[in-house]
Amino acid sequence: MGPARAAEIIREGLFRGADGGILLSDRKFAGADTLATSYALSQTIKQINPDIILAGRQAIDGDTAQVGPQVAEKLGIPQITYAEEIMEVSADSITIKRRLERGIEVVTSTLPALVTVHATAAKCRPRHAKQVMKHKYTPIQEWNADKIGGEDSSYGLSGSPTKVKK
């Protein structure tokens, strides 16, 4: 979710082997706090219906680590935070090693599930030259608020109870 220039981040994923990507972008999303952001993302994910949702642990701007867990809550699915390694995936479950402050924990969850990835996880795969050539100019799907549905009052500033004064 972001402005049009965020499509380059999705393109980077395509270069590294992702099957596709969607940029969620609309002026209605402007000024969103974690609650409004997680609402927009969850509305989008409902239409895609994935088995596993991978998310970063936290954004670089807000630094709250709330969006992933809020998305899982809105979707009514389990969440595993601080994932360091996916150990096993089956048709209906996932087992993950997570890095906690006082050690390591191995947990299993049913699918679908949302997983937030810890910084200690393995680096993502490198760019693949064939993928770069294939996707360098591939148009990125862009969805807006009308496409994902939901209540306009839950997006952007109007859906954000957090207000930054300074």
Side-chain angles (χ1 to χ4, degrees), residues 1-77 79-84 86 111-166:
M1 183 171 127
R5 68 181 178 273
E8 290 309 309
I9 297 166
I10 295 169
R11 193 172 312 285
E12 190 65 36
L14 296 172
F15 295 163
R16 295 169 188 266
D19 295 326
I22 298 167
L23 174 61
L24 187 57
S25 188
D26 195 311
R27 287 189 161 277
K28 292 178 182 177
F29 304 144
D33 67 359
T34 61
L35 193 66
T37 297
S38 65
Y39 179 76
L41 292 172
S42 65
Q43 288 298 112
T44 304
I45 292 167
K46 284 177 187 177
Q47 293 191 34
I48 301 167
N49 199 27
D51 292 320
I52 302 171
I53 302 157
L54 295 175
R57 184 174 68 99
Q58 64 192 51
I60 59 172
D61 56 356
D63 207 30
T64 62
Q66 295 175 348
V67 173
Q70 286 176 357
V71 167
E73 181 67 23
K74 285 175 176 61
L75 294 173
I77 62 173
Q79 60 181 291
I80 301 173
T81 56
Y82 302 105
E84 188 172 68
I86 296 174
L111 294 177
L114 183 138
V115 178
T116 65
V117 181
H118 195 275
T120 58
K123 300 284 184 214
C124 62
R125 69 177 74 156
R127 289 175 160 206
H128 190 275
K130 285 184 181 179
Q131 297 292 47
V132 171
M133 296 308 293
K134 179 180 177 183
H135 294 295
K136 191 170 186 177
Y137 301 107
T138 298
I140 303 297
Q141 288 186 68
E142 192 169 316
W143 289 10
N144 60 20
D146 293 336
K147 171 75 175 167
I148 64 172
E151 298 293 324
D152 281 355
S153 61
S154 296
Y155 295 129
L157 282 175
S158 60
S160 300
T162 307
K163 306 295 184 223
V164 177
K165 299 288 183 182
K166 286 187 178 181

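All residue numbers refer to positions in the sequence shown, counting from 1.
- Closest heavy-atom contact between Q79 and P69: OE1-CB, 3.0 Å.
- Closest non-hydrogen pair, A32 versus M1, comes out as CB-CE, 4.1 Å.
- Considering every non-hydrogen atom in both Q70 and S38, the closest pair reads OE1-OG, 3.1 Å.
- One finds the CD atom of Q66 at 13.0 Å from the CD atom of E73 (value rounded to the nearest 0.5 Å).
- Side-chain contact check for L41 versus K74: every heavy-atom pair is 4.5 Å or farther apart.
- With sequence neighbours left out, the salt bridge (Lys or Arg N to Asp or Glu O under 4.0 Å) criterion links R27 to no other residue.
- The shortest side-chain heavy-atom distance between I77 and L114 falls under the 4.5 Å cut-off.
- With 3.5 Å as the limit, one finds no donor-acceptor pair spanning the side chains of K134 and Q131.
- The number of heavy atoms from other shown groups lying within 6.0 Å of CD (Q47) is above 12.
- Residues R5 and L23 have side chains not in contact (no heavy-atom distance under 4.5 Å, counting atoms from C-beta outward).
- Side-chain contact between I45 and P50 is present, with at least one heavy-atom pair separated by less than 4.5 Å.
- The two residues V115 and A83 come nearest to each other via the heavy atoms CG1-CB, 3.3 Å.
- Considering only heavy atoms from C-beta on, I53 stays 4.5 Å or farther from I48 through its side chain.
- Heavy-atom contacts from other residues, nucleotides or ligands closer than 6.0 Å to CD1 of I9 number 12 or fewer.
- The distance from the CG atom of N144 to the NZ atom of K28 is 7.5 Å, given to the nearest 0.5 Å.
- Note that CZ of R125 is 10.0 Å distant from CZ of R16, once rounded to the nearest 0.5 Å.
- Nearest heavy atoms, L35 versus G159: CD2-O, 4.1 Å.
- With S25 contributing its side chain and G2 its backbone, the two residues share a donor-acceptor pair below 3.5 Å.
- The CD1 atom of I86 lies 9.0 Å from the CD1 atom of I80; values are rounded to the nearest 0.5 Å.
- Taking every heavy atom of both residues into account, W143 and I148 meet most closely at CE3-CG2, 3.8 Å.
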task: Start with the C-alpha gap between D26 and K147, add the side-chain angles, then the distance that decides, and say whether salt bridge (Lys or Arg N to Asp or Glu O under 4.0 Å) holds.
output: CA-CA 10 Å; D26 195 311; K147 171 75 175 167; over 6 Å; no
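- Looking at heavy atoms from C-beta onward, K136 lies out of side-chain contact with R11 at the 4.5 angstrom threshold.
- In this structure, the ring pair (Phe, Tyr, Trp, His ring centres under 6.0 Å) partners of Y155, at least two apart in sequence or on a different chain, are F29, Y39.
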